[in-house]
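The structure displayed is predicted, hence computed values, not measured ones.
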Amino acid sequence: MDAVTTPVATTSALGTEGIVLQPVNRVGGALGLRVQVDPASNRYAEARCSAGFFRGYENILVGRDVRDAVYVASRCCGYHGGQHSVAAAQAVEMALGVEPPPMAVALRNLGLCAETIHAEAAHLFLLAGPDFSASSVSTHWPELWVLAQRTPAPNAEIHGFATVADVMRSLDPITGRWYRDAFSVARIPYQMYAVLHGKYPHPQTMAPGGVGTYMSNTTVSAVHDYVVRLLSLVDPAKRVAMLITDLLDFCVAAVPELAEVGVGPATFIDSGQWDDPEGYDPSWEGLSDRGDRRWAAPGVVVDGRLVTSDLREVAEGVEESVTHSFYEEWSGDAHPTSKSTVAAPGPLAWDRRYSWSTSARWRGQAVETGPGARLWTTALRGQMLLNPFVSARGGGVQLLLPEGALPEMRLEWKPPPVWNAIERTRARLYGIVFAALVAAQQSLTVLNLQKEGRHETSVPFPVPKRGQRRGVGFSGDGLLGHWMSLDGPAIERYQVVGPSTFNIGPGGPAEAAIDGTPTLEQAGAPTGVTALVALRSFDPCSNCATH
């Protein structure tokens, strides 16, 4: 569990006893959680997620030159700065009508793949993983720990751990093998990013109209360096796939109630990711076709049914509410293009205003986003641009990890019958492999473009002297949208909606998933342990939620 956060019994504004966990560790940014315990059912209830501070990037950008947008907007999050950079660049390109060359789009894709691999691997082993470690399980679920010690790991010949207990020991903070190795393995994607884009986070090479990376017959070795590092991750990905599968399958089989932790509806939103370099239309009118050509599908799923895979329709339906947030209401509709960010600080009141995150919705519907959403939308869309390593058919997503020191491995993700904390965590495993295999395909694209002499990585873009313009860009691990409007060369309005704005905003999927989660602690009174397992399964980042 939490090594730092101490559960504190408090009398809440709702008048009953509750548990406040603030700050929550092993999440991004300053986040607090308040839950109550229903003694009749031994389940958590009335969860409240509180993003703890105002950051103000949307206001910092107002009045600045449009050329500043990418470099300021990337600072919205130091953990996902590349994704914010790409979304900002796309928003400027739409506003100014600038089309980046194919090489630039492919190089952006390679950066986004590296960033996604890092984020999901770090979450699995450094953030969520310790919830399933030997130190946590033996403390809070001693009966499960006893069973793990005598249960053989089915895929021990691949990952090298004889029992499930050995797998759990590998996740122990500081001492566990995979916990320690994760620091080294997670460093490799950052190196991949840096060899192409100079540095990470906050790359200076992202710009409207392309990238600042110079690509010629003599500098293409940077792509070779990227691929060498990517190939070094193939066998670790196979070991991780089997290790996480053994662990999660054991936990659910041994304690069926774990399937009730973090349960949510199969209702998702995703903007897709990884544009087709040959089909990039920066205009609003071209947004639908651009989404159709993304390797990961955009879309909205409601109760397991795909209601749209049109990126333009996805964008039109995004809404924000500040009913329980520390902001003033604004005139106009709930869409980000109408919103103004006016901070209204006040006392924290769990039944009124309690978060600096807004509540993001799609047409009034609370929707979850993240790697799981991306798998759902891609599987249900059932079509994909040609990729020798990834396909989407039969209601699932098929992934092919090529032969290395370990044999070729085929994985398939299919929508699970119950969506819960275990399946969210499992989806991040598939998210790592998905991103790595798109990176493999896009590396081939870059090399082919180079052979064809199409090595231009940027085009000039005009800075308008007058006139009103609008743009939106989508990137990220889930739905990350940047909306902007210009008055001449100056930014008139800038709004950011991130994945965690959907997930951990007031009344969002994280709070709903914690409500009803059983208090499964076997040692002593409820302390919020399983509530935190549910919360961390969303990989919450309050930096990406508050702008």
Side-chain angles (χ1 to χ4, degrees), residues 1-7 21-33 78-79 117-142 144-149 151 153 156 158-191 200-201 232-233 235-237 239-248 250-251 258 421-422 424-426 428-429 432 521-524 527-543:
M1 177 197 156
D2 255 308
V4 175
T5 302
T6 302
L21 301 162
Q22 191 168 8
V24 175
N25 69 358
R26 290 192 274 120
V27 299
L31 183 65
L33 172 65
Y79 198 57
I117 294 168
H118 169 85
E120 306 304 0
H123 178 264
L124 274 181
F125 291 103
L126 305 179
L127 303 180
D131 287 331
F132 300 94
S133 67
S135 57
S136 179
V137 172
S138 62
T139 299
H140 303 294
W141 302 296
L144 182 62
W145 172 243
V146 170
L147 183 59
Q149 293 179 80
T151 302
I158 296 176
H159 55 63
F161 297 102
T163 67
V164 174
D166 293 330
V167 172
M168 292 177 173
R169 290 189 186 98
S170 78
L171 299 175
D172 277 339
I174 310 302
T175 61
R177 174 182 160 186
W178 262 106
Y179 185 93
R180 296 196 314 270
D181 288 352
F183 286 98
S184 299
V185 173
R187 186 184 302 121
I188 295 173
Y190 276 0
Q191 294 170 345
Y200 189 91
S232 75
L233 296 174
D235 284 335
R239 295 188 178 96
V240 167
M242 295 299 98
L243 180 147
I244 296 298
T245 297
D246 284 355
L247 175 64
L248 298 182
F250 164 79
C251 287
L258 279 173
I422 293 289
R424 280 188 204 93
T425 303
R426 194 191 306 271
R428 295 191 184 277
L429 157 66
I432 294 173
E521 298 93 319
Q522 295 172 349
T527 57
V529 172
T530 49
L532 288 174
V533 172
L535 176 60
R536 291 199 187 97
S537 71
F538 288 87
D539 193 15
C541 176
S542 65
N543 294 333

Checklist entry - What is the minimum heavy-atom distance between Pro236 and Ser232, and which atoms define it? => result CD-O, 3.3 Å
Checklist entry - Are any side-chain N or O atoms of His159 and backbone N or O atoms of Arg239, one a donor and one an acceptor, separated by less than 3.5 Å? => result no
Checklist entry - Looking only at heavy atoms, what is the nearest atom pair of Ser136 and Pro130, with distance? => result CB-O, 3.4 Å
Next on the checklist: Any heavy-atom pair between the side chains of Phe538 and Val27 that's under 4.5 Å?
Outcome noted: no
Next on the checklist: I need the Asp181 CG to Phe125 CZ distance, nearest 0.5 Å.
Outcome noted: 9.0 Å
Item to check | Inter-residue atom distance Thr425.OG1 - Arg536.CZ, 0.5 Å rounding | outcome: 11.0 Å
Checklist entry - So, do Leu171 and Leu247 sit near enough that their side-chain heavy atoms are less than 4.5 Å apart? => result yes
Checklist entry - Trp178 and Leu124: side-chain contact (heavy atoms from CB on, under 4.5 Å), yes or no, with the steps? => result CA-CA 10 Å; Trp178 262 106; Leu124 274 181; over 6 Å; no
Checklist entry - After noting the C-alpha distance and the side-chain angles of Leu144 and Phe250, does the key distance pass the side-chain contact (heavy atoms from CB on, under 4.5 Å) rule? => result CA-CA 10 Å; Leu144 182 62; Phe250 164 79; 3.6 Å; yes
Checklist entry - Do Leu147 and Trp141 come within less than 4.5 Å of each other through their side chains, counting heavy atoms only? => result no
Item to check | Value rounded to 0.5 Å, distance of CG in Asp131 from CZ in Arg26 | outcome: 4.5 Å
Checklist entry - Closest heavy-atom contact between Leu535 and Pro540? => result O-CD, 3.4 Å
Checklist entry - Taking all non-hydrogen atoms of both residues, which atom of Ala30 and which atom of Ser542 are closest, and how far apart? => result N-OG, 3.0 Å
Checklist entry - How many angstroms lie between CG in Leu243 and CG in Leu248, if you round to the nearest 0.5 Å? => result 9.0 Å
Checklist entry - Looking only at heavy atoms, what is the nearest atom pair of Asn543 and Gly29, with distance? => result OD1-CA, 3.8 Å
Next on the checklist: Taking Gly528's backbone N and O only, do any of them form a donor-acceptor pair with Glu521's side chain (distance below 3.5 Å, no angle check)?
Outcome noted: yes
Checklist entry - Out of curiosity, Ser537 OG to His123 NE2, how far, rounded to the nearest 0.5 Å? => result 7.0 Å
Item to check | Side-chain ion pair, Asp166 and Arg169, N-O less than 4.0 Å | outcome: yes
Item to check | Value rounded to 0.5 Å, distance of CG in Leu429 from CE in Met242 | outcome: 7.5 Å
Checklist entry - Ser170 side chain to Tyr179 main-chain N or O, any donor-acceptor pair under 3.5 Å? => result no
Item to check | Nearest heavy-atom neighbours spanning Ala531 and Leu33 | outcome: CB-CD2, 4.2 Å
Item to check | Steps toward side-chain contact (heavy atoms from CB on, under 4.5 Å) verdict (His118, Tyr200) | outcome: CA-CA 12 Å; His118 169 85; Tyr200 189 91; 5.9 Å; no
